[in-house]
Amino acid sequence: MGAEGIGAAVRRKEDFRFLTGRGNYTDDINRPGQTHAYFLRSQVAHATIGKIDTSKAAKAPGVVAIFTGADFAADGKGGLPCGWLVKNKDGSPMQEPPHPVLAQGKVRHVGDPIAVVIAETREQAKDAAELIDVQLTELPVVGTMADAVKPGAAKIHDGGNVCYDWHIGDKDACEAAFKKAFKVAKLDLVNNRLIPNAMEPRAAIGDFDRATGEYTLYTTSQNPHVIRLLMGAFVLQIPESRLRVVAPDVGGGFGSKIFHYAEEATVTWASAKVGRPIKWTCDRAESFMSDAHGRDHVSHAEMAMDKDGKFLALRVKTDANMGAYLSTFAPAVPTYLYATLLAGVYTTPVVYAEVRALFTNTVPVDAYRGAGRPEATFLLERLVDNCAAEMGMDRVEIRKRNFIPSDAFPYQTPVALQYDSGDYQATLASALKISDWAGFEARRAEAKKRGKLRGIGISTYLEACGIAPSAVVGSLGARAGLYECANIRVHPTGSVTVFTGCHSHGQGHETTYAQLVADRLGISIDQIEVSHGDTNKIPFGMGTYGSRSLAVGGTAIVKALDKIVDKAKKIAAHLLEASPADIELKDGKFVVAGTDKAKAFGEISLAAYVPHNYPIDTVEPGLEETAFYDPKNFTFPGGCHICEVEIDPDTGVTKVVKFTAVDDVGRVVNPMIVEGQVHGGLAQGIGQALLETCVYDGNGQLRSGSYMDYTMPRADDLPSFDVATQSTLCTHNPLGVKGVGEVGAIGSPPAVINAVVDALRETGVRHIDMPATPAKIWALLNSGRRAAAE
Amino acid sequence: MYDFAYHKPASVADAVKLLGADGEAKPLAGGQTLIPTLKQRLARPTAVVDLGAIKDLAGISVAGGKVTIGAMTKHADVAASADVKKALPALAALAGGIGDPAVRHRGTIGGSIANNDPAADYPAACLALGATIKTNKREIAADDFFRGMFETALDAGELIVSVSFPVAEKAAYMKFDQPASRYALVGVFVAKTAGGVRVAVTGAAASVFRWKEAEAALSKSFAAASLDGVKASASGLNSDIHGSAEYRAHLIGVMAKRAVAAA
Ligand SMILES: Cc1cc2nc3c(=O)[nH]c(=O)nc-3n(C[C@H](O)[C@H](O)[C@H](O)COP(=O)(O)OP(=O)(O)OC[C@H]3O[C@@H](n4cnc5c(N)ncnc54)[C@H](O)[C@@H]3O)c2cc1C
């Protein structure tokens with residue numbers, strides 16, 4: 001591996017600039033002549049738009065222009081596209097209502113943009129926006145999914161409030177299995193809606209160059225090429241050759257910066273209209289009501305078991321909230337990223353899931369760290385605990401009995417996926433040991449003496465990431481391929497620039513990718529720069545999400561390295577007067593096998609660019625290669641998370657006192673970065689389980705619209721984590737890597753809630769919805785106390 | 001924010017004059033509440049009168065059985081003051097539990113009390129200790145000062161100059177954090193002073209209030225067990241996404257007992 005190669009815990013190259021305040025974020029960029037945009041947003045959840053009078057605002061100081069949805073329509077521009085088509089049970093396509101960039105005819109959620117004011121300063125744009133007179137006629141509000149399907153409910157879109165009614169699995173086989181069941185465990189549960197809250201709010205600068213006719217969009221994106229494709233082709237009709245999208249340093253995304261947003265299209269389009277660059281920077285309150293939210297499922301699940309506690313069949317019914325419009329990948333999340341995961345780590349032979357996606361007068365919902373897999377994992381791992389209770393079996397034992405055995409891979413699940421590798425008994429055993437599961441009862445008893453209710457919870461999870469084989473996702477409705485691209489440019493003196501289509505916004509690609517190259521070429525990571533985020537530099541790319549950057553993006557780099565090494569060997573062979581077949585790359589040197597004849601990597605690169613003594617008839621000068629890699633399958637990280645909590649029965653406060661995570665993420669390139677990714681994911685998972693939730697009132701007003709009411713996890717909410725990796729290798733990519741970006745957020749919520757329920761079990765509590773806040777726990781305990789007293 | 005004029009007077013008299021001349025002017029202390037309010041365009045003062053240059057408004061003194069704290073004294077300074085820690089440790093601890101370090105290094109006692117946020121901490125100390133709020137023109141007893149949600153006895157243009165707290169024989173503050181904001185969902189300050197036992201509750205209702213039943217019980221015997229069976233009523237308490245009125249009523253009891261035990 002070498003000191004900097006695969007497996008080395010080298011420090012992150014990018015951290016120097018971040019820690020010294022030298023990052024370059026979208027809001028740090030200022031273009032000459034720049035103007036500022038402010039979006040006038042709807043303050044009501046559902047209304048028809050009458051006249052919009054901008055005449056007063058147009059005359060306000062500093063105002064350059066004001067545009068509304070009508071201007072967009074008059075200019076023949078399109079709406080925001082949806083990147084995934086899901087089909088109904090009967091095979092008909094989902095309802096795909098228009099998603100205007102600026103509202104047209106109606107507003108459908110608080111925060112829906114109605115108009116944009118462009119002015120010399122941001123404050124002037126805000127001042128002017130207050131002078132816009134919008135006539136709104138309020139309509140009944142569909143605040144919740146239950147409201148959406150009530151008879152006579154107001155229709156958010158012409159086609160009603162159902163986006164699709166989809167299913168997967170064998171319904172008949174499922175019913176037959178339930179008929180044979182010895183016992184059935186049931187569970188109703190909610191997967192709470194979350195607001196992503198990346199540290200950097202979204203921002204965008206549109207810059208049209210009249211001299212060249214080229215548009216540039218600087219934006220806070222996880223995937224600049226995807227934005228170029230969606231915005232150029234579907235919204236603004238600008239060819240790729242004249243549209244450059246730059247996503248510079250981005251301060252966290254967690255999914256919420258995958259999607260193509262209205263503000264991006266608006267500033268790009270309007271910059272040509274006003275002939276000046278336009279900057280928009282979201283403020284925090286605005287991001288609460290305009291960034292796509294995550295999760296938001298309501299489900300009922302049932303597991304049929306035989307007399308030994310073996311799972312016979314799983315039946316799930318889920319309603320998933322889409323919000324008011326379809327965000328870019330929204331339809332895929334509660335279907336192909338959710339229901340396909342319901343087999344989990346178990347041999348359950350039959351799974352049948354029905355998913356209804358519903359529109360409500362709320363902010364659109366889309367992928368958020370884990371995207372569908374946390375929802376599946378929470379449901380399954382909570383249900384498995386109920387299975388154990390129903391059978392009177394131990395929670396660990398029932399899991400062990402139902403695990404897919406380590407020799408059963410490749411394993412075909414009843415819900416489309418084929419797992420390539422894993423060893424669930426091994427991750428379980430390791431987590432049980434690290435967490436001292438066996439010694440728990442003593443800790444419970446000791447806590448009880450202190451008046452605390454202590455509980456322990458486990459989650460043995462699996463997820464599918466490394467997305468994704470293009471043909472597979474295409475057959476499932478994706479309107480894009482999900483390969484990745486890498487370009488490796490070896491410079492004359494042997495330094496290397498890696499151009500990757502995967503964007504880094506906290507993941508540490510600049511280090512991890514450099515380690516891949518260092519490992520292969522035997523050069524120092526200081527000689528390697530990783531470049532990403534600019535469509536004019538990178539050939540192409542699908543971006544970063546779905547824990548794909550190493551499994552897909554990293555493999556593209558490996559493939560490009562293969563080509564580099566191949567060509568370098570030919571050059572070396574020429575210089576060493578040997579046959580290319582006899583050349584080996586060893587410790588940064590090209591060696592003639594079995595001799596001490598060698599050329600350093602730098603000598604080869606120099607020869608490639610100064611081809612005086614060179615095989616010019618057969619080998620082109622230069623040393624630069626591009627590879628596109630389309631994965632053969634998803635990757636399947638998994639593992640075991642164990643959480644221990646103490647509850648103060650007087651106040652209902654839960655403290656996470658111990659958390660163990662043993663994850664199988666495939667080969668580990670940088671253990672420190674892997675640990676950091678797990679830590680962040682656990683913080684988000686524990687945040688979902690205990691703290692975070694998005695609350696709308698019946699009028700569609702956001703009650704958790706700021707940090708005063710939306711509880712982000714903080715360091716003192718979390719214990720010191722015990723994390724470890726216990727890997728099996730992915731069998732279908734050359735690095736054997738699986739992915740680590742999302743495992744923490746996927747595996748942890750059920751471990752936490754299972755621990756809370758375990759702590760409360762003696763009081764009669766069987767389930768609690770997330771987040772398990774002190775108030776909720778106290779109410780449960782209090783009703784238990786009251787019941788006991790009566 | 002909207003435009004406003006900015007003044008930075010060097011004396012209380014000049015500040016009062018500026019405020020008196022303009023009914024829409026607002027004093028600015030640490031700005032931890034006022035600045036966000038301006039940024040969100042929820043207030044539109046014509047002028048902001050920054051009290052930051054008035055030297056004699058900040059400072060702590062302990063004398064004659066009283067801890068006197070200047071209006072512009074920052075929470076962090078109260079928390080760190082050896083004098084306060086010695087004379088009224090409960091007050092130093094309360095100040096050290098307000099917000100986060102950044103807030104404590106800007107926010108002031110005068111601003112906190114003038115603002116009278118229903119979930120703020122200092123009002124509970126003022127009421128439980130029977131503090132006296134000194135303004136540029138009079139002295140107001142804490143019992144008369146806190147009038148309702150964000151409402152005080154201050155007249156327009158009247159400035160808080162300092163707050164005097166009688167030292168206590170026993171005192172403690174217990175705060176149950178609202179999980180998101182970490183203001184008090186319920187905060188209870190109990191104090192036994194020469195004036196008797198007082199229990200003040202913040203966070204639970206529209207404004208800080210005294211819990212008289214607990215005071216009566218603790219007057220007989222200042223021990224946590226005295227509160228067994230004494231229940232705060234949920235009627236009139238706040239109810240929101242972080243807790244029902246019943247939950248708050250329950251927490252008042254729990255926090256009061258813990259405060260008594262800690263005092
Ligand atoms: C993130 C955050 C967390 C916080 N957490 C807590 C908490 O846990 N507990 C808590 O109690 N508080 C909390 N606060 C509030 C903070 O502690 C300040 O006390 C409060 O904001 C007011 O003090 P200030 O000095 O900032 O006043 P300003 O914001 O400057 O002023 C507040 C109001 O008081 C008026 N005013 C200021 N000084 C005087 C004066 N001398 N005479 C008359 N009127 C005056 C102003 O005109 C204004 O109306 C928090 C604030 C923030 C931003």
Side-chain angles (χ1 to χ4, degrees), chain A residues 38 61-62 121-124 126-130 192 195 197 283-286 288 451 648-655 687 690-697 701-717 771-783 785-786, chain B residues 1-4 32-33 36-42 44 97 99-103 117-120 174-188 203-204 224 227-228 231 234 237-259 261:
Chain A
Y38 177 74
T121 71
R122 196 161 172 232
E123 287 299 312
Q124 287 175 328
K126 274 192 181 182
D127 286 341
E130 289 183 6
N192 47 325
I195 305 178
N197 278 307
D283 64 33
R284 187 59 69 180
E286 195 179 7
F288 271 83
D648 174 0
D650 289 337
T651 58
V653 169
T654 299
K655 206 166 167 40
L690 296 178
L691 304 164
E692 298 180 50
T693 198
C694 168
V695 183
Y696 278 98
D697 69 14
Q701 294 291 333
L702 191 52
R703 301 244 332 249
S704 54
S706 79
Y707 291 140
M708 294 298 279
D709 289 301
Y710 188 85
T711 315
M712 290 299 284
R714 282 171 257 201
D716 65 355
D717 292 314
T773 60
K776 227 187 255 175
I777 290 180
W778 177 79
L780 274 177
L781 284 173
N782 197 39
S783 62
R785 277 192 203 110
R786 250 186 251 138
Chain B
M1 52 180 87
Y2 300 108
D3 270 351
F4 52 79
Q32 297 302 288
T33 295
T37 311
L38 296 178
K39 279 172 125 176
Q40 289 170 49
R41 299 182 165 226
L42 296 171
R44 193 171 196 163
D100 50 48
V103 169
D117 188 301
M174 281 291 156
K175 173 178 180 179
F176 187 88
D177 289 356
Q178 192 259 54
S181 72
R182 297 199 175 173
Y183 273 71
L185 189 74
V186 165
V188 179
L227 294 175
D228 287 346
K231 286 214 156 36
L237 298 190
N238 300 337
S239 191
D240 58 25
I241 61 174
H242 304 289
S244 62
E246 290 72 29
Y247 182 50
R248 281 182 164 85
H250 168 77
L251 286 177
I252 291 171
V254 176
M255 293 297 121
K257 275 191 187 175
R258 288 183 183 179

- prompt: Under 4.0 Å between a Lys/Arg side-chain N and an Asp/Glu carboxylate O for B:Arg182 and A:Asp717?
  reply: yes
task: Taking all heavy atoms of A:Glu130 and all of B:Tyr2, pick out the closest pair and write down the distance.
output: OE2-OH, 2.6 Å
query: Given that the side chain runs from C-beta out, which part of B:Leu251 has a heavy atom under 4.5 Å from chain A: side chain, backbone, both or neither?
result: side chain
task: Work out which heavy atom in B:Gln178 is nearest to a heavy atom in A:Met708; give both atom names and the distance.
output: NE2-O, 2.8 Å
field: Region of B:Tyr247 in contact with chain A, defined by heavy-atom distances below 4.5 Å
entry: both
Leading residue by heavy atom contact count with chain A [cutoff under 4.5 Å; candidates B:Met1, B:Arg41, B:Gln40, B:Lys39]: B:Arg41
task: State the CZ-CG distance between A:Arg703 and B:Asp240, to the nearest 0.5 angstrom.
output: 7.0 Å
Minimum side-chain heavy-atom gap B:Arg258-A:Asp650 below 4.5 Å: yes
task: Please report the closest heavy-atom contact between B:Gly243 and A:Ala775, naming both atoms and the distance.
output: CA-CB, 4.0 Å
Sidechain N-carboxylate O distance under 4.0 Å for B:Asp100, A:Arg714: no
field: Main-chain N/O of A:Thr651 paired to B:His250 side chain as donor or acceptor, under 3.5 Å
entry: no
- prompt: Looking at A:Asp697, A:Asp127, A:Asp283, which makes the most heavy-atom pairs under 4.5 Å with chain B?
  reply: A:Asp127
- prompt: By a 4.5 Å heavy-atom criterion (distance strictly below it), what part of A:Lys126 contacts chain B: side chain, backbone, both, or neither?
  reply: both
- line: For A:Asp709 and B:His242 the tightest heavy-atom approach is OD1-NE2, 2.9 Å
- request: Mind checking the OG1-CG spacing from A:Thr711 to B:Asp177? Nearest 0.5 Å is all I need.
  value: 11.0 Å
